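No hydrogens, no waters, no symmetry mates; every other heavy atom, side chains included, goes into these values. The chains referred to below are lettered A, B, ... by the order of the sequence lines, with proteins before strands, and numbering in each begins at 1. All figures in this text were calculated on a predicted structure; none of them were measured in a lab.
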There are 2 protein chains.
Amino acid sequence: MDVATSVAAIRAVLRQRGLQATSARIAVLQILSEGHRHRSVDELRSDVLTRYPAIDPATIYRTLETLELHGLVVRMELGDKRTRWALLTHDHHHLICRNCESVVEFDDELFHRLAGELTRRYGVQVEMHHLVLRGLCATCALTDS
Amino acid sequence: MDVATSVAAIRAVLRQRGLQATSARIAVLQILSEGHRHRSVDELRSDVLTRYPAIDPATIYRTLETLELHGLVVRMELGDKRTRWALLTHDHHHLICRNCESVVEFDDELFHRLAGELTRRYGVQVEMHHLVLRGLCATCALTDS
DNA sequence: CTCCATGCAAACTATTTGCACACGT
DNA sequence: ACGTGTGCAAATAGTTTGCATGGAG
């Protein structure tokens with residue numbers, strides 16, 4: 001699914017997995033498909049409001065749980081207590097800058113290597129899809145602090 | 001601070017950082033020093049009960065926040081909503097087995113290399129102290145599932 | 001003796017659940 | 001029509017905060 005996916009495509013994806021194409025599910029997937037930012041339930045709720053009739057928070061929670069179960073979205077804990085959600089696309093990882101709060105995104109390559117090494121050494125099977133690291137982004141790292 | 005640290009040593013560490021050596025802080029550090037497991041506030045509260053007079057949850061939260069600020073303990077989010085706490089010792093990382101829920105611990109070496117590579121490639125300064133990964137532990141990886 | 005830390009109770013926030021009704025197929 | 005999804009309201013769980021009292025230095 002790509003940025004700003006059409007409703008028809010979303011319907012197809014849902015049906016494909018045996019899920020009813022309800023308005024809540026379509027709205028949530030549509031919003032999440034616009035820029036692959038990770039959003040909290042509350043952000044989702046207000047984003048939905050700009051274009052669709054309101055969805056009850058309880059429904060959003062249940063919708064996301066279902067979509068996660070069927071491998072369409074992923075959850076991520078950023079440290080505050082709200083869970084963030086995004087479309088499941090390719091594996092990628094994040095660094096949150098402790099100075100300016102910006103989020104840097106990394107592709108999976110280096111982490112993939114790490115996972116392999118961990119398997120070799122410890123026998124574990126690491127499933128890293130959306131890792132969250134903390135530290136300083138390039139800009140703030142230069143200014144030190 | 002080592003496993004089962006003496007009260008005198010704990011007092012010293014606290015004073016050293018300009019902190020009052022109160023009974024709550026001593027009790028919390030004492031409990032955390034016994035096996036470097038990561039504990040939830042509730043586990044801490046009941047562990048304290050076996051040896052000390054009860055500490056109010058609110059006090060435990062405030063105590064941990066203070067100790068964290070002074071670099072004595074670290075927090076960790078395991079995915080359920082309770083924050084876990086441990087003494088800050090050496091950097092190490094964890095894998096939680098999604099099958100048997102066990103926690104595997106890794107030393108820092110491989111991750112340290114990864115952090116270096118990220119700095120080289122992206123200019124970021126990664127601060128990874130207690131990373132939490134998910135996957136399968138060696139035992140469950142063999143049995144597949 | 002002076003503050004900082006603690007206990008208690010109430011407030012808050014994110015999330016979950018029960019139930020009757022509405023919608024998708 | 002049938003069964004699943006949704007809205008609403010109430011319940012829950014973890015955590016935070018205000019305020020008066022108690023203990024550490």
Would you say D/dG25 has OP1 or OP2 under 4.0 Å from some side-chain N or O of B/Arg15? yes
Any side-chain N or O of A/Thr22 under 4.0 Å from OP1/OP2 of D/dT6? yes
May I have the distance from B/Arg45 (atom CZ) to D/dA13 (atom C1'), rounded to whole angstrom? 13 Å
Map B/Ser40 and B/Ala21 onto DNA chain D by nearest heavy atom, then report which one ends up closer to the 5' terminus. B/Ser40
Taking the side chain of B/Tyr61 as its heavy atoms from C-beta onward, which of C/dA14, D/dT16, C/dA5 lies nearest to it? D/dT16
Among the nucleotides C/dC4, D/dT6, C/dT6, whichever has the atom closest to the side chain of A/Arg25 is D/dT6
Can you identify which nucleotide, out of D/dG7, C/dT15, C/dG7, has its nearest atom closest to the B/Thr59 side chain? C/dG7
Is there a donor-acceptor pair under 3.5 Å between the side chain of A/Arg17 and the backbone N or O of A/His70? yes
Side-chain donor/acceptor of B/Arg98 to backbone N/O of B/Arg134, under 3.5 Å: no
Touch class at under 4.0 angstrom, heavy-atom based, for B/Ala58 against every strand present: base
From D/dG25, C/dC8, D/dC8, pick the nucleotide closest to the side chain of B/Arg62? C/dC8
Nucleotide nearest A/Thr63 when distance is taken to its side chain, options C/dT6, C/dC8, D/dT6: D/dT6
Counting only side-chain N and O atoms of A/Thr83, is one of them less than 4.0 Å from OP1 or OP2 of C/dT15? yes
On DNA chain C, does the nearest nucleotide to B/Leu19 precede the nearest nucleotide to B/Lys81 from the 5' side, or the other way round? Give the residue. B/Leu19
Check this one for me: any side-chain N or O of B/Thr66 less than 4.0 Å away from OP1 or OP2 of C/dA5? no
May I ask you to decide whether B/Arg39 forms a salt bridge with B/Asp47, counting only side-chain N to carboxylate O separations under 4.0 Å? yes
Euclidean distance, atom CG of residue A/Leu44 to atom C1' of D/dT6 [Å, nearest integer]: 17 Å
Starting at CG of A/Asp80 and ending at P of C/dT15, how long is that distance when rounded to a whole Å? 9 Å
C/dC23 phosphate, OP1 or OP2, under 4.0 Å from A/Ser23 side-chain N/O: no
Spacing of B/Leu64 atom CG relative to D/dG14 atom C1', expressed in whole Å: 13 Å
Rounding to an integer number of Å, can you tell me how far A/Glu65 CD sits from C/dA14 C1'? 14 Å
Tell me if a side-chain donor or acceptor on B/Thr50 pairs with a main-chain N or O of B/Ser46 at a distance below 3.5 Å. no
Measure up the A/His38 and A/His94 rings against each other and bin them: parallel (under 30°), tilted (30 to 60°), perpendicular (over 60°). perpendicular
B/Ile55 side-chain proximity, nearest of C/dG7, D/dG7, D/dT17: C/dG7
What's the CG-C1' distance between B/Asp42 and D/dT12, to the nearest Å? 14 Å
Can you tell me the distance, in whole Å, between the CG atom of B/Asp56 and the P atom of D/dG18? 16 Å
Would you kindly give the CG-to-C1' distance between B/Leu67 and C/dT6, to the nearest whole Å? 14 Å
Can B/Arg113 and B/Glu117 be counted as an ion pair, charged N to O under 4.0 angstrom? no
